[in-house]
**Student:** 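Shown below is the structure under consideration.
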Amino acid sequence: MTSVVVIGGGAAGLVAARSAVLAGAEVTLLEATDRLGGAVASEEVGGVRLDTGAESIAARGRTALDLFAALGLEPVSPAASGAWLQTSGGPFPLPAAGILGIPGSPLADDVRAVLGGRAALRAWLDSVLPVLTIGRETNLGRLVRRRMGSAVLDTLVTPVVRNVYAVDPGEADVEALAPGLNGALTRSGSLSSAVLQLRASAPAGSAVRGLDGGMATLVDALERDLDRFGVRVLRSTPATALTREPGGWRVETPSGPQVADRVILAGSGASARRLLAPLLPGLLEDWPAAHRTTVVTLVVDAPVLDEAPRGSGVLVADGVPGVRAGALTHASAKWPWLAARLPAGRHVLRLSYRGDAAEGTGAEEALADAARLLGREPWELTVVGSAVTPWTQESQRALIGMRSRIEDVRAAVAEIPGLEVAGAWVAGTGLASVLADGDRAGRAV
Ligand SMILES: Cc1cc2nc3c(=O)[nH]c(=O)nc-3n(C[C@H](O)[C@H](O)[C@H](O)COP(=O)(O)OP(=O)(O)OC[C@H]3O[C@@H](n4cnc5c(N)ncnc54)[C@H](O)[C@@H]3O)c2cc1C
């Protein structure tokens with residue numbers, strides 16, 4: 001029987017371990033901390049178990065949906081209330097027909113409301129600009145500014161891209177974030193038509209799903225399956241070095257070495273790259289750093305929020321005075337299962353702080369931001385519980401030039417017998433991609 005060591009018990013490692021054991025391997029999973037799940041995490045706040053990391057998944061991921069079915073988990077849709085955008089000019093419903101915030105119909109009422117008539121007209125000029133003067137632009141920020149103007153970039157695209165992909169549009173690779181957009185632009189002749197084309201070819205319905213009980217129930221279910229199928233799970237056991245031996249691998253840990261025929265390296269990015277560096281000399285140098293994000297979860301008693309004044313939440317454009325949060329999710333308005341678990345008048349809010357704003361953020365500041373973004377006064381929200389969770393997010397794959405670097409890493413790893421890598425740092429940060437990558441790595445053994 002082939003023996004496999006999986007390094008890392010995040011989403012990628014858990015799925016890799018499951019797929020490997022189902023393929024007939026004898027599997028040991030090493031997790032550095034005392035908790036499985038990595039960035040899929042939960043905490044009890046104000047008496048409710050709440051996601052403090054990932055909370056939704058893109059519905060397009062076939063592997064993820066098949067996995068949920070196999071685990072007996074029922075994906076749920078968010079409420080249809082939609083999100084809002086806070087600009088320095090006020091709060092507005094987030095324009096509906098877009099991709100990455102790029103409007104498909106720049107003259108639509110919801111776009112004009114946010115941008116004003118003049119900037120909307122500038123964005124519409126995209127439809128008459130010759131496509132050849134642009135060429136194949138890889139920089140998302142430049143593409144949007146040239147075709148539709150700075151207002152679309154700053155007000156609509158930047159808040160969406162920063163919040164969803166944890167990168168700035170000016171450093172983002174168009175193809176990594178919107179596969180097919182450039183091709184559609186060339187075919188259709190304008191960015192807005194390209195957006196409409198891509199939206200038309202996307203599956204109908206909401207773009208994301210959640211799980212009743214939160215995304216962390218995925219980790220519970222995977223953990224149960226690993227137990228059922230006899231995977232040996234070693235918590236608080238970090239891999240500290242990885243070396244090839246004749247016919248297999250030796251993984252050093254503080255409690256002694258683990259020896260196996262094959263290794264799946266699914267640890268989080270920086271740690272995985274440290275373990276890989278001696279095997280791939282030169283390939284991993286000067287890797288861009290992961291992004292820091294702090295999530296503040298607030299459980300509040302606030303009947304004034306019963307009407308969900310900002311739908312499922314608010315994305316924040318640059319330059320909004322007095323607000324440091326990049327986004328607010330009104331989690332109990334977004335997820336009906338969560339609202340059903342709360343007493344009347346109680347709400348769950350989740351605020352994300354990125355980069356410098358992630359440092360030193362606490363519940364008090366988050367409460368002030370939440371009140372401002374929801375159009376209420378802080379005293380109207382009584383905090384029942386709070387959690388402050390710092391994260392690093394492996395969003396580098398979205399950066400210009402990184403897709404080809406990652407392909408080089410994958411190609412070099414493929415040359416090394418018995419080694420697989422998986423996880424957000426190579427697959428991209430979305431859970432759908434991470435689960436698919438873990439599954440692929442597990443099956444490959
Ligand atoms: C705040 C936040 C919100 C997010 N929201 C969403 C969302 O709503 N939807 C979505 O699709 N995606 C979301 N993501 C992204 C998604 O959650 C992650 O990309 C994904 O969970 C990463 O999984 P992973 O297994 O690659 O890495 P990780 O989750 O980082 O797991 C890696 C695991 O490996 C362990 N490890 C590291 N080094 C070692 C070692 N040397 N030995 C042993 N173990 C080791 C770590 O302790 C960790 O448990 C979010 C991410 C964050 C941070």
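Just follow the structure's listing: the first ligand is 1, and inside any ligand the first atom is 1.
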**Student:** Among Ala32, Ala54, Ala39, which one has a heavy atom closest to atom 13 (C) of ligand 1?
**Tutor:**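 The nearest heavy atom belongs to Ala54.
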
**Student:** What protein heavy atom is closest to atom 22 (C) of ligand 1, reported as residue, atom name and distance in Å?
**Tutor:**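 Among all protein heavy atoms, the one nearest atom 22 (C) of ligand 1 is Ala424 CB, 3.9 Å.
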
**Student:** So, do Pro78 and Val208 sit near enough that their side-chain heavy atoms are less than 4.5 Å apart?
**Tutor:**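 Yes, at least one pair of side-chain atoms sits under 4.5 Å.
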
**Student:** Show me which atoms of ligand 1 lie under 4.0 Å from any heavy atom of Pro238.
**Tutor:** 42 (N), 43 (C)

**Student:** Distance under 4.0 Å to a non-hydrogen atom of Gly430: what atoms of ligand 1 satisfy this?
**Tutor:** 11 (O)

**Student:** At less than 4.0 angstrom from any non-hydrogen atom of Glu55, what atoms of ligand 1 do you find?
**Tutor:** 7 (C), 8 (O)

**Student:** Do Thr217 and Arg49 have side chains that approach each other closer than 4.5 Å (heavy atoms only, starting at C-beta)?
**Tutor:**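 Yes. Closest side-chain heavy atoms under 4.5 Å.
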
**Student:** Check each atom of ligand 1 against the heavy atoms of Val295 and keep those under 4.0 Å away; list them by number with element.
**Tutor:** 1 (C)

**Student:** Is Asp220 salt-bridged to Arg224, cutoff N-O under 4.0 Å?
**Tutor:** no

**Student:** At their closest point, which heavy atom of Ala317 faces which heavy atom of Pro159, and how far apart are they?
**Tutor:**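 Closest pair (atom of Ala317, atom of Pro159, distance): CA-CG, 3.7 Å.
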
**Student:** Do the non-hydrogen side-chain atoms of Arg397 and Thr429 ever get within less than 4.5 Å of each other?
**Tutor:**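 Arg397 vs Thr429: side chains apart.
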
**Student:** So which protein heavy atom does atom 31 (O) of ligand 1 come closest to, and at what separation?
**Tutor:** Gly10 CA, 3.3 Å

**Student:** Side chains of Glu245 and Thr243: do they bring a donor and an acceptor to under 3.5 Å?
**Tutor:** no

**Student:** Give the residue and atom name of whichever protein heavy atom lies nearest to atom 42 (N) of ligand 1, and the separation in Å to one decimal.
**Tutor:**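 The closest heavy atom on the protein side is Ala239 N, 2.9 Å.
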
**Student:** For salt bridge (charged side-chain N to carboxylate O under 4.0 Å, His left out), just list the numbers for Asp369 and Arg372, CA-CA rounded to whole Å, side-chain angles, deciding distance to a tenth of an Å, and then say yes or no.
**Tutor:** CA-CA 5 Å; Asp369 282 354; Arg372 165 94 167 82; over 6 Å; no

**Student:** Any idea which protein heavy atom is nearest atom 39 (C) of ligand 1, and the distance to it?
**Tutor:** Ser271 OG, 3.4 Å

**Student:** Are Asp439 and Arg18 ion-paired here, with the side-chain N under 4.0 Å from a carboxylate O?
**Tutor:**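 The answer is no: the pair does not qualify as a salt bridge.
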
**Student:** Using heavy-atom distances only, which candidate in Arg292, Glu252, Gln393, Arg35 approaches atom 50 (C) of ligand 1 most closely?
**Tutor:** Gln393

**Student:** Return the residue, atom name and 0.1 Å-rounded distance of the protein heavy atom closest to atom 23 (O) of ligand 1.
**Tutor:**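 Nearest neighbour among protein heavy atoms for atom 23 (O) of ligand 1, to 0.1 Å: Val434 CG1, 3.6 Å.
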
**Student:** For atom 32 (C) of ligand 1, which of the options Ser268, Ala12, Gly38 provides the nearest non-hydrogen atom?
**Tutor:**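 Looking at heavy atoms only, the winner is Ser268.
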
**Student:** Relative to the heavy atoms of Trp391, which atoms of ligand 1 are at a distance of less than 4.0 Å?
**Tutor:** 1 (C), 53 (C)

**Student:** Starting from atom 7 (C) of ligand 1, locate the nearest protein heavy atom and write down its residue, its atom name and how far away it is, to 0.1 Å.
**Tutor:** Ser56 O, 3.4 Å

**Student:** Between the candidates Leu431, Thr429, Thr293, which shows the shortest non-hydrogen contact distance to atom 19 (O) of ligand 1?
**Tutor:**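 It is Thr429 whose heavy atom sits nearest to atom 19 (O) of ligand 1.
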
**Student:** Please find the pair of heavy atoms, one from Asp110 and one from Val114, that lie closest to each other, and give the distance.
**Tutor:** O-CG2, 3.4 Å

**Student:** Any idea which atoms of ligand 1 are less than 4.0 Å away from a heavy-atom of Thr33?
**Tutor:**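 Within the 4.0 Å cut-off of Thr33, ligand 1 contributes 47 (O).
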
**Student:** With a 4.0 Å cut-off, would you call Asp437 and Arg440 a salt bridge?
**Tutor:**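 Judged by the 4.0 Å cut-off on N to carboxylate O distance, Asp437 and Arg440 do form a salt bridge.
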
**Student:** Would you name the heavy atoms of Ala272 and Gly267 that are closest together and state the gap between them?
**Tutor:** CB-O, 3.6 Å

**Student:** Atom 47 (O) of ligand 1: which protein heavy atom is closest, and how many Å away?
**Tutor:**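 Of every protein heavy atom, Glu31 OE2, 2.7 Å lies nearest to atom 47 (O) of ligand 1.
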
**Student:** Taking only residues two or more places apart in sequence or in another chain, which ones pass salt bridge (Lys or Arg N to Asp or Glu O under 4.0 Å) with Arg350?
**Tutor:** none

**Student:** I want to know if ligand 1 touches Ala11 in the polar sense, i.e. an N/O pair below 3.5 angstrom.
**Tutor:** yes

**Student:** With respect to Gly423, determine whether any N or O atom, backbone or side chain, lies less than 3.5 Å from an N or O atom of ligand 1.
**Tutor:**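 No, there is no polar N/O contact under 3.5 Å.
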
**Student:** Are any of the N/O atoms on Thr237, whether in the backbone or the side chain, positioned under 3.5 angstrom from an N/O atom of ligand 1?
**Tutor:**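 By distance alone, the answer is no.
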
**Student:** Enumerate the atoms of ligand 1 whose separation from the nearest heavy atom of Ile7 is less than 4.0 angstrom.
**Tutor:**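 Counting atoms of ligand 1 from 1, those under 4.0 Å from Ile7 are 40 (C), 42 (N), 43 (C).
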
**Student:** Do you see a protein non-hydrogen atom under 4.0 Å from atom 27 (O) of ligand 1?
**Tutor:** no

**Student:** Which residue and non-hydrogen atom of the protein lie closest to atom 34 (O) of ligand 1, and at what distance in Å?
**Tutor:**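 I find the closest protein heavy atom is Gly8 CA, 3.3 Å.
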
**Student:** Looking at Arg403 and Glu175, is any side-chain nitrogen of the basic one under 4.0 Å from a carboxylate oxygen of the acidic one?
**Tutor:**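 Answer for the salt bridge query: no.
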
**Student:** Which atoms form the tightest heavy-atom contact between Val348 and Leu50, and what is the distance?
**Tutor:**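 Where Val348 meets Leu50 most closely, the heavy atoms are CG1-CD1, 3.8 Å.
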
